[in-house]
Amino acid sequence: MRKISILIGICACFDLGCRPGSTIHNRTITILLDPPPVTLNPRHSIDANGQRIGALIFRGLTKLNKDLVVEPDIAEQWQAIENGRGWKFKIKPGLTDHGGELITAEKMAQCLEYYRSGRPVSPLRAGFPFWKETGHSNDIVFIKLEKPDPYLPKNISSLRFFRIAGEKIPCADGRNTDNMIGSGPFKPINWDPSPQNQITMTPNDPADNRLTVRFVFIKDSTSALFKIINGEADATQNSLSLTKTRWLQRNYSSRFNTLERNGVAVSYLAFNMRDKVLARKNIRIAIASAISKEEIISNKLLEITFPSSSFLAPGLEESFSPEPLKHDTAYAEQLLDQEGLHRGKNGVRLELHYKTTPIREGFETALMLQEMLGKIGIKIIIDMVEPAVFFASIRKGFFQLYSSRWIGVADGSILFRTLRSGQPLNRIGYSNPAMDKLLDAAISETDPVTRKNLLKQAQELMLDDLPYFPLWFWKNTLIVKKEFTGLTDSSLSLSGGLEPLTYLRYR
């Protein structure tokens, strides 16, 4: 594999007039993250760090803990009604937002209804295909469905309560998101809907003895390594490559502890099924057969745990791993020959554009795939764009190939959202009536055994059709100064969530 040369710039001092390594006061912890969130607006936040930081600033009816188990948040309890065609949530009494206003059942129902039917449409709406109506009575919020949805209490954790100053309806898109009022356990010192450098937040409850947390966003793992070694940060989560993590462990074990836990975030390669070339199944199989996941893992090039043939990590209730495609470059070349894609004088059969971002994970993956596919005569042209442009292009279908990562995959509903024809997150344009039938049955099936069997069939069909090629699952790694304590390996979130980090404390 080729090595990437990175120019190292001089690290700038943090805001508030501090010197490098200093904190606002002795109860602040500085944590490095990669990359910055695209937006913290809860209605439009779909990127990993936007969701993770948003979970600290805004509350939902429910929340997922570090083990991805659903827990109370704004709602203190809930239950299915009408044979699963509805849910009712009892709102906690006395809960207020950051502006001091009570979060009532009426306001929460208004908020959810705006997520359901407000304009512009929230991309999070795609996770609730059968949502028909929202109502309230006293301290109860009702959600009515066209069909049963056993995943609703988990998925609704992503719909978070907020207000915009001057707007009458909670969770409405206002003209001035600079005046957004949160509801979560932490409150930003200076609100910025799209922070690019850092964001600092303090516990909203004066009785909460957790530290003030400052998240600093870095663009590459080398900068993160220098900052942590130079004392400009106290911790970093998932921002170092595996080689740098191991180097730090060998050389700085007296200064830092390293915590690790296998995760559920899964990377995948996506094919644009509308593209005339990639719509040909043999070409997709050839590309997948040329990719050696084992080589990438054995060379320790990425902070990954094991190859994946599924979106669902082992250990999840509905997990199932179909027999993976074997790495076989000879077979890949045979398929391309059968498709009439013979090597030219320069050895190239065809050119494909691969869209990615400058972020370490995306760019390093692009280079690895470029080298592997070059061996079978496919020339990969890397189109590198900024994250906001990348996400906009993917949503509009302006790509041939790209890879990304599903974050916080907690159950099989991810298969419906990404494989069902017509779903907003099915950005690749995949459509198969057999798949739709399986997913329609699974998404409303209340019996877990029957549902797991349906999802097993869906995953087998996905690997046969290959609209996506699942690549690998990611580890969650926290490197933290030894003067902080309070966490163990098992304390880390399966999804890479940030809430466990807020329980770090000085020794």
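By convention here, the first residue in the shown sequence is residue 1. Owing to the predicted nature of the structure, the values given are computational and were not obtained by experimental measurement.
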Donor-acceptor contacts, no H, no angles, side chain residues 78-93, under 3.5 Å, sequence neighbours left out:
unit_1, atom_1, unit_2, atom_2, d
Arg85, NH1, Glu146, O, 2.2
Trp87, NE1, Asp149, O, 3.3
Lys92, NZ, Asp73, O, 2.9

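- A distance of 4.5 Å separates CZ of Arg507 from OG1 of Thr485, quoted to the nearest 0.5 Å.
- Using a distance-only test at 3.5 Å, with no hydrogens or angles considered, no donor-acceptor pair links the side chain of Glu260 to the main chain of Asp489.
- The backbone N or O of Gly397 sits less than 3.5 Å from a side-chain atom of Asn272, completing a donor-acceptor pair.
- For the 3.5 Å distance criterion, the side chains of Arg59 and Ser183 fail to qualify, holding no donor opposite an acceptor.
- The main-chain N or O of Thr39 is found under 3.5 Å from a side-chain atom of Ser45 such that the two form a donor-acceptor pair.
- Pairing each heavy atom of Leu240 with each of Ala224, the nearest pair is CD2-CB, 3.7 Å.
- Considering every non-hydrogen atom in both Ser403 and Phe390, the closest pair reads O-CZ, 4.0 Å.
- Arg451 contributes a side-chain N or O that, together with a main-chain N or O of Glu445, makes up a donor-acceptor pair within less than 3.5 Å.
- Taking the six-membered ring for Trp, Phe484 and Tyr506 have ring centres closer than 6.0 Å.
- No more than 12 heavy atoms of other residues, nucleotides or ligands sit less than 6.0 Å from atom CG of Asn197.
- Under the side chain to side chain donor-acceptor pair (under 3.5 Å) rule, Asn238 has a single partner from Asn476, Asn49, Thr477, Thr245, which is Asn476.
- When all heavy atoms of Phe473 and Val264 are compared, the closest pair comes out as CD2-O, 4.1 Å.
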In residues 109-116, what donor-acceptor pairs under 3.5 Å come from side-chain atoms, sequence neighbours left out?
unit_1, atom_1, unit_2, atom_2, d
Glu113, OE1, Arg116, NE, 3.1
Glu113, OE1, Thr134, N, 3.3
Glu113, OE1, Thr134, OG1, 2.7
Glu113, OE2, Arg116, NE, 3.0
Glu113, OE2, Arg116, NH2, 2.5
Tyr114, OH, Arg119, O, 2.9
Tyr115, OH, Arg160, N, 3.2
Tyr115, OH, Arg160, O, 2.8
Arg116, NH1, Lys132, O, 3.2

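- Put simply, the side chain of Arg27 gets close to the backbone of Asn209: a donor and an acceptor are under 3.5 Å apart.
- Salt bridge status for Asp436 with Arg420: present, with a side-chain N to carboxylate O gap under 4.0 Å.
- Listed by chain and number, the residues in a side-chain contact (heavy atoms from CB on, under 4.5 Å) with Asn155 are Phe128, Tyr151, Asp411, Ser413, Arg417 (sequence neighbours excluded).
- Of the possible donor and acceptor atoms, one in the side chain of Arg43 sits under 3.5 Å from a partner among the backbone N and O of Pro120.
- For the pair Glu232 and Lys227, the salt-bridge criterion is met [side-chain N within less than 4.0 Å of a carboxylate O].
- Put simply, the side chain of Ser239 never gets that close to the backbone of Thr236: no donor and acceptor are under 3.5 Å apart.
- Note that CG of Leu159 and SG of Cys171 are 8.5 Å apart. Values are rounded to the nearest 0.5 Å.
- Ser493 contributes a side-chain N or O that, together with a main-chain N or O of Gly497, makes up a donor-acceptor pair within less than 3.5 Å.
- Considering all non-hydrogen atoms of both residues, Asp47 and Pro37 come closest at OD2-CA, 3.3 Å.
- Salt bridge annotation for Arg261-Asp67: present, with a cationic side-chain nitrogen under 4.0 angstrom from a carboxylate oxygen.
- Thr104 contributes a side-chain N or O that, together with a main-chain N or O of Lys107, makes up a donor-acceptor pair within less than 3.5 Å.
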